[in-house]
Amino acid sequence: MSMGGDRVKNMDKPGGKGIGGVLLSREAYRLAFLFVTTGYSVGFFTKVSTLCNTILLIWGGVLFLADLFTKRISFQSKRCIPLIVFMLLYMVTLFINRHMQPFENGKVLLVTGIELFLLLPLDRSLPASSVECQMIRFNRIVVWFSLIFSGAAILMYLFWINGTAGGIAFGSSGGMLYGLYSGPNTGAALASASLALALVSCHLTPRCPTPLMVVNGAIQLLYLYLSNSRASLYAFVFFLILYSLFFLKSRRAKVGGIVSAGAVYLLAEPVKALLHGLQKGVLWVSSVVRFLIGEVVFLFDRWFGGSSEGAAPAPPHLSEPVKPTPPDKDIAMGFLNGRAELWACGGDILRDHLLFGVGSRNIPEVARRYRPADALPGIDGGGLHNIVMQLLVSNGVLGFAALAAYAVICLIQLIGYFKISRLSTRTSRTVLLCVCVLLLLLVQNMVENTILFGASFHAAIFWSYLGFGFFFVDKSRTAERGDGRTRQSDGGE
């Protein structure tokens, strides 16, 4: 099974020839960053995160310096000005709060710079077909990785495999399946991203859907249901609605797509109930097998071992597995699951650090001055669980304004591009899919904080897809300006 077909087979490898070509290749770095950070979604791989992050930072630094003295790809677009201002303001924030975790905050600053100036920009001189192939290779990493580990998680659910190894739990807990992922929300976010990127690859490749995409779609949906991660399920349904409304052409296809999106949501509970019954059946069969093996061993010992004492094993019985429903405490706390308390605390911190904030890594420490630890669920691993609040508290209103200015510029340019193209070209539809992927991640980040201030697959996908989308937008604008100059020249003759 392949995703990308012959088109990818006939391309040059990323990075050109030799080790030097790979080290100075943005695509090679982007793929490595994605592969490593996707690996972090598996709990056992986090043990090597320090080493991998160090390698990524050193490699990224070399690549940035090489670019700075050669093509300056990171600064080809004027859109980078608000990002430069944002980074300068972030440095001011960290200087003001230099007494708190300076080393950790420095790493966050460097990772953020890599995301904004290495993952985001693409070389405008590349042909569009080359970037499309880059997207296919990029997507393939996410699809294959999630296919393997989501599939493993489903098998672990069916065979009720739970435990702890090396201090890391695996399996399921409280009705939420995580398998080998570091958590159910992490696995579900990767599953929803895998589904979305598979659709992008389907658009970019002539043969679609491939068997891999069909299998991947089924496995990721099953995992989404069993993880009980509502945010990722809602975000994927939202993605499907956008895809149906704007990407599909005929009215009938649009209606069918929206109905499919509704079905994805409504089938969650029935499918979970079906899988729960299947799990009970598997456990019953395993009980029968254990009984039969025990009976054979007993009879063998009695007939050939000379022992007449002993009793047959207990008859088979049904073992009750975990029920595939959210834990009671999550239901009691509602959909926000304690996040409202985090946001209220973030508002209090912001009032006292309005202009420059406190720095992303310092938020848990500062928050404990405003609230007791038990009122701040998940703050150590996930911050304030909302990207807007995290950005405001981390960088203050000045840093937020700089990044918001960048977002407004991007939005204006995208609206102008779609007004001109009217989704009439294949390239414009590729840009639309990039925007849909970005919106999927943004919806998830209304209750999480994963696309900024850290090395994560969410950030790798978000900033890379923002770069992919604007590569095509800038390419089209450059072509239009070239056509305009040509017409003026012809008129002058």
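Closest heavy-atom contact between Ala455 and Asn53: CB-OD1, 3.9 Å. Nearest heavy-atom pair, Leu94 versus Leu109, reported as atom, atom and distance to 0.1 Å: CD1-CB, 3.9 Å. Of all heavy-atom pairs spanning Leu190 and Ser41, the tightest one is CD2-OG, 3.8 Å. Closest approach of Leu384 and Gly346 over heavy atoms only: CD1-CA, 4.1 Å. Here the shortest heavy-atom pairing between Ser194 and Asn216 reads OG-ND2, 3.1 Å. Listed here is the closest heavy atom pair of Gly43 and Ile168: O-CD1, 3.2 Å.
Aromatic rings from Tyr90 and Phe453 are positioned such that their centres are separated by under 6.0 Å. Side-chain rings of Phe138 and Phe468 approach one another, their centers coming within less than 6.0 Å. Between Tyr234 and Phe238, the ring center distance fails the sub-6.0 Å criterion.
Side chain to side chain, Ser150 and Tyr181 meet the donor-acceptor criterion of an N or O pair below 3.5 Å. No hydrogens or angles considered: a donor-acceptor pair under 3.5 Å links the side chains of Asn362 and Asn105. Remark: the Ser428 side chain and the Thr425 side chain contain an N/O donor-acceptor pair separated by less than 3.5 Å. Judged purely by distance below 3.5 Å, without hydrogens or angles, the side chains of Gln444 and Ser192 pair a donor atom with an acceptor atom. For the residue pair Thr450 / Asn445, a side-chain donor-acceptor distance below 3.5 Å is found, with atom types taken as modelled. Residues Asn395 and Thr93 bring no donor and acceptor atom of their side chains to less than 3.5 Å of each other.
Classified by interplanar angle (parallel below 30°, tilted 30° to 60°, perpendicular above 60°), the ring pair Tyr29/Trp59 is perpendicular.
Only one option out of Leu439, Val443, Val437, Leu195 pairs with Phe239 in a side chain to side chain contact (heavy atoms under 4.5 Å, CB included); it is Val437.
Remark: Tyr265 OH is loosely packed, at most 12 non-hydrogen atoms of other residues, nucleotides or ligands lying under 6.0 Å away. Few gaps surround CZ on Phe418; more than 12 heavy atoms of other groups in view lie less than 6.0 Å from it.
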### Task
Determine, stepwise, if the pair Arg339 / Met389 fulfils side-chain contact (heavy atoms from CB on, under 4.5 Å).
CA-CA 11 Å; Arg339 292 178 175 90; Met389 182 60 71; over 6 Å; no

### Query
Where do His276 and Tyr157 land on the side-chain contact (heavy atoms from CB on, under 4.5 Å) test, with the steps shown first?
CA-CA 9 Å; His276 180 55; Tyr157 173 84; 3.8 Å; yes

### Query
Going through the distances and angles, do Phe457 and Thr186 end up as a side-chain contact (heavy atoms from CB on, under 4.5 Å)?
CA-CA 10 Å; Phe457 69 84; Thr186 300; 4.0 Å; yes

### Verdict with reasoning, Asn139 to Tyr465, per side-chain contact (heavy atoms from CB on, under 4.5 Å)
CA-CA 10 Å; Asn139 297 347; Tyr465 258 76; 2.7 Å; yes

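With rounding to the nearest 0.5 angstrom, the CG atom of Asp348 is 14.0 Å from the CZ atom of Arg369. Note: Leu403 CG to Leu83 CG = 6.5 Å, rounded to the nearest 0.5 Å. Rounding to the nearest 0.5 Å places CZ of Phe33 at 12.5 Å from CD1 of Ile141. Within the model, atoms CZ of Arg429 and SG of Cys434 stand 13.0 Å from one another, a figure rounded to the nearest 0.5 Å. Rounding to the nearest 0.5 angstrom, the gap separating the CZ atom in Phe236 from the CD1 atom in Ile241 is 11.0 Å. Atom CD of Glu448 and atom NE2 of His385 lie 5.5 Å apart (nearest 0.5 Å).
Salt-bridge annotation for Arg361 and Glu365: absent, with no side-chain N of the basic residue lying under 4.0 Å from a carboxylate O of the acidic one. At a threshold of 4.0 Å, the pair Arg30-Glu115 does not count as salt-bridged, since none of the basic side-chain nitrogens sits closer than that to a carboxylate oxygen.
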